[in-house]
Structures are given as structure tokens and as C-alpha cells.
Amino acid sequence: MRFFRKLKWLFGTYLLPRHIATVKTENGILSFNSKDRTLGRALNVDKEFESKMMKRTVDLLTKNGDIKQKKIEFLWMWEGMLV
């Protein structure tokens, strides 16, 4: 399945003329530049971007008692990405 998502990203997004691509991911609905090989490939192929790292961080902070609640809303901006 991952192989087919790679092919779809390569031929359906990356090789087309530059445009804003939008995909549904674990992080929500995100838009990115179609020529962005790093972020675009991660969002199209893996369907997530650093969500495992965010969950691990929340678990660690909860375990150490730094935060009281498990449910936290993330507002995070990285190179124009708002999650």
C-alpha cells in the first residue's frame, strides 16, 4: 500500500506543475507546496508528520507530572504549516 501511495505522490503531485496540494492526514487536513519533497512526501506517503513525537512528548509530560490532563490541543507552526 505504501508503494502505491509513493507512486501517487510522485506522478499525481510532485511531477505536475507547481501547485498547492491538500491531503487528509493524522494531523488534520494540510496543504503544502507540491514541489516540497520532504514534507510533501511525508504527508502523502505516511499520512502524518511528527504526530508520534507529539504523542510521546505528551505522554512523558503527563508521566512526570508536568501536565495534569492528557488531552492537549496542539497549535504548532512549521514552515507555514499550522496544525
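Position 1 is the first residue of the sequence, and the numbers go up from there.
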### Check: Asp66 main-chain N/O paired with Asn64 side-chain donor or acceptor under 3.5 Å
no

### Message
Please report the interatomic distance CZ(Phe32) to OG1(Thr25), rounded to the nearest 0.5 Å.
### Response
9.5 Å

### Query
Which distance, rounded to the nearest 0.5 Å, do you find between the CZ of Arg41 and the NZ of Lys6?
7.0 Å

## Note on the structure
Here the pair of heavy atoms bringing Thr13 nearest to Ser34 is O-CB, 3.7 Å

### Transitive ILVMFWY side-chain link Leu43 to Phe3, under 4.5 Å
no

### Query
Sub-3.5 Å donor-acceptor pair from the side chain of Lys35 to the main-chain atoms of Leu16, do we have one?
yes

## Note on the structure
Taken to the nearest 0.5 Å, the spacing of Lys63 NZ from Arg56 CZ works out to 13.0 Å

### Query
So, the side chain of Ser31 versus the backbone of Ile20: is there a donor-acceptor pair under 3.5 Å, distance only?
no

#### Entry: Cationic N near anionic O, under 4.0 Å, Arg2 to Asp46
yes

### Task
Just do the side-chain contact (heavy atoms from CB on, under 4.5 Å) check on Leu15 and Trp9 with the steps written out, would you?
CA-CA 8 Å; Leu15 293 178; Trp9 168 77; over 6 Å; no

### Message
Is the positively charged end of Arg37 above the ring of Tyr14, judged by distance under 6.0 angstrom from the centroid and angle within 45° of the axis?
### Response
yes

### Task
Please lay out, stage by stage, how Thr22 and Leu30 fare under the test side-chain contact (heavy atoms from CB on, under 4.5 Å).
CA-CA 6 Å; Thr22 303; Leu30 301 176; over 6 Å; no

### Task
Determine, step by step, whether Asn44 and Arg5 satisfy the side-chain contact (heavy atoms from CB on, under 4.5 Å) criterion, reporting the C-alpha distance in whole Å, the side-chain angles of both residues, the deciding distance to 0.1 Å, and the verdict.
CA-CA 7 Å; Asn44 272 288; Arg5 287 196 306 256; over 6 Å; no

